[in-house]
Structures are given as structure tokens and as C-alpha cells.
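Have a look at the structure below, then the notes.
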Amino acid sequence: MRSRREVLVLTAGAVASPRLAIASARQRRIGWLTAQQPGSLTSYLEAMRQGLAEQRLVEGQNLEILYRYGNDEMTRMPELARGLIAAGAELLIVQGAAIPQVIHLNLPVPIIFVTSADPIAAGFARSLTEPIGNCTGVTFMGFELLGKRLELLREIMPVLNYVTVLGNPFHPGSEIELTSSESAGRRLGIAIDFIATPTRDTLEAARATLARTRPHAISLLPDGFALAHRRTIMETAGELRIPIISGWPAFAQAGALCTYGPRLPLVYRRIAHFVARILSGTRASDLPVERPSQFELVLNQAAARTFNLAFSRAILARADEVIE
């Protein structure tokens, strides 16, 4: 593999601040909440811990992180959030599909959200500089990238007339992601349909639908659920000989044809900036929502050969990483 461009630039007030002095004599306690399963976001949590250490917040020393996972059960989110408050969490970091279930509970602690949705359309903020309530966070603005992914597919697969969008409808922003896909499809002359896959059972059912409809490619909406089940998704697509494009490198590493999206470990590391500022007394609503402006393209040569496809020199030249 080869990789370059390790720097993530963040906009909307994301100028890096100096490390904040946080008294090590007092252990701080924060909560991590996701609707996903343990292990689905391990590498990104490690990146967040690295960022916290850079802010002099070290887990096991002056910081305790309470982890709660919903195991794909959305209805558990309010209960788990209130449990974290009862356990003494001073703030909550809420990821993905858990956010809509928690953000309007009027909890007595700040919330840092991590989402690929448009926070304004999702009701988390009036603007990037005006979060609603006692919250702030980071957004990947995933819907903005769906057109780019379809353009990439068209460049790789000139005969591309039909793409199925596969995704979790409970994921924040899934509606606008589908709308964006349909809009890009109309512009490119590509028919778009959608298969909802919020559970293991629906993933199994999707196999029969895909076998019947035979799309030319799948655009996989990236979220924690898809990440946790990426092996199953890739095996199904491989057996049906349908190439996949998605947003996070982990999907390319699992067998997707290519991925295009933000460099997530650096985005998760940035969460530490919010944690440090809030624990030092800054109000969450005074911290603008941040978004990435640097992205990475990962190509999977082995997957391309499987589907009798080839990446052009132009696409290879743009790649940040090529999996041989």
C-alpha cells in the first residue's frame, strides 16, 4: 500500500488552539455513546484517545471514559444516555444514529456529536457557528460527497446506468444522502434505487433483492452499522459480482472497489479539542461545528481485477492510497 497527505484541514472556526491546561489532580469523567456494536469504531476511538493525550487528558490517569453501545438497538439510546449522566459523566460524545435519540432529551451536560449528516438539516444547529442547545461537534457532511462518488464510478465504469444505494435509514442524514444520490443520478443519467439495511435481517433480505435487480454498482452509505457488517456486505456483493463504492477506507480494505471521503482518524482526533475546551469551562454552544475540507481516495486494485475493471492513470494519480 502507499499513502500520502496526512493533514486534515477543518473549516468553520477550526483553527487549532493551544493545549489547555487541565488539572491532573482531578480525574474527569466523560461518556461515549453509540448505537453500534463494540468494536465497530475501534480504530477511530484510538485516534480520539491520541487527540485527548495531546490535550493532556490521558485515559486511566486524569480521564475516565464510560463506553456505552446500543448493539444496533436505537430504542436503548435515551436509557443509556441517562445512565451515563447518573454515572457522573460531565459531557457526552454521541456518535451517528444515536444523536437524534439523545440530543433533544434536555440532558444537564454538554453533548459533542459526531455525524456525517448536515447538522443544520438534521436540526442540530441553526448554522455551523450556531449549534442548538448545549451541543456542538463535527460533521463529515457525507451527503456532499455522494455525487463525487457516482462521478468516480462513471469514470471507472463507462457503462453505468443503474446504481443501488444501500444504507441504514436510521442513520442521521440518510434521507438527504438519498436525495443527493438521486439528484446526482439524474445529472449523470444513472437510475438510482434504495435498499434500507438497518439490521442483520434486512442485510440478508437485501441479497435476494440485489440478485433480482442486478444493479451495475452499489453506493454504500458509510456509518457504524455498515462498518460493523462490512465483511457480510462485501461477501454478498462479491458473490453477486456487484462492485461497491463507499466513503471510508475500511470498506476498500474489506473489498470495496474504491472509497472517497474524509480522513476519519484525524477527524476523530479533533474531538479532543472540544472535550478539552468544554472541560476547561467553555460552553459547547460557543464552539462552532467543524467539518473536514481534505479528503482521501482509496483504490482497491484486487477488487478491480475481480470485476474485470481497470483504473485509469488519471484516477491512479489522484489516489491517496492504492491497495494492491
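Each residue takes its place number in the sequence, starting with 1.
- When each of N300, I156, V298 is tested with C258 by the rule side-chain contact (heavy atoms from CB on, under 4.5 Å), just one qualifies, namely I156.
- A donor-acceptor contact shorter than 3.5 Å links the side chain of R214 to the backbone of L240.
- P108 is listed as a side-chain neighbour of I85, based on a closest heavy-atom distance under 4.5 Å.
- Under a 3.5 Å cut-off, the side chain of R154 and the backbone N or O of L160 do form a donor-acceptor pair.
- Contact annotation: the side chain of L299 never approaches that of I323 to less than 4.5 Å [non-hydrogen atoms, C-beta and beyond].
- Side-chain contact check for I112 versus I271: some heavy-atom pair is nearer than 4.5 Å.
- Annotation: the span from S116 atom OG to I99 atom CD1 amounts to 8.5 Å, rounded to 0.5 Å.
- Between the side chains of T202 and T199, a donor-acceptor pair is found at a separation under 3.5 Å.
- Applying ring-ring contact (aromatic ring centres under 6.0 Å, His included) to Y44 and the options Y268, W32, F140 leaves one that passes, Y268.
- Within the 4.5 Å cutoff, the side chain of L146 has heavy atoms near those of the S181 side chain.
- Of the charged side-chain nitrogens involved, at least one lies within less than 4.0 Å of a carboxylate oxygen, so that E64 and R29 count as a salt-bridged pair.
- Put simply, the residue from N134, D286, V109, L287 that forms a side-chain contact (heavy atoms from CB on, under 4.5 Å) with I278 is L287.
- Between F274 and V138, some side-chain heavy-atom pair lies under the 4.5 Å cut-off.
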CA sep, side-chain torsions, deciding dist, call: D193, Y162, side chain to side chain contact (heavy atoms under 4.5 Å, CB included):
CA-CA 8 Å; D193 69 3; Y162 175 27; 2.6 Å; yes

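- Side chain of S183 to backbone of T179: no donor-acceptor contact under 3.5 angstrom is found.
- You'll find the side chain of L257 stays beyond 4.5 Å of the side chain of I244, heavy atoms only.
- Heavy-atom contacts from other residues, nucleotides or ligands closer than 6.0 Å to CZ of R283 number 12 or fewer.
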What's the verdict on salt bridge (Lys or Arg N to Asp or Glu O under 4.0 Å) for R318 and E296, showing C-alpha distance, side-chain angles and the deciding distance?
CA-CA 9 Å; R318 300 201 305 268; E296 61 182 342; over 6 Å; no

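- Inter-residue side-chain proximity for I218 and L210 is flagged as met; some heavy-atom pair is nearer than 4.5 Å.
- At a threshold of 4.5 Å between side-chain heavy atoms, the hydrophobic network of Ile, Leu, Val, Met, Phe, Trp and Tyr places L45 and V58 in two separate groups.
- The pair R68-E79 fails the salt-bridge criterion, with no side-chain N (NZ, NE, NH1 or NH2) lying under 4.0 Å from an Asp/Glu carboxylate O.
- When atom types are taken as modelled, the side chain of D320 and the backbone of L297 share a donor-acceptor pair closer than 3.5 angstrom.
- You'll find the side chain of I190 stays beyond 4.5 Å of the side chain of H216, heavy atoms only.
- No more than 12 heavy atoms of other residues, nucleotides or ligands sit less than 6.0 Å from atom CZ of R313.
- Salt-bridge check for E290 with R270: passed, with a basic side-chain N closer than 4.0 Å to an acidic carboxylate O.
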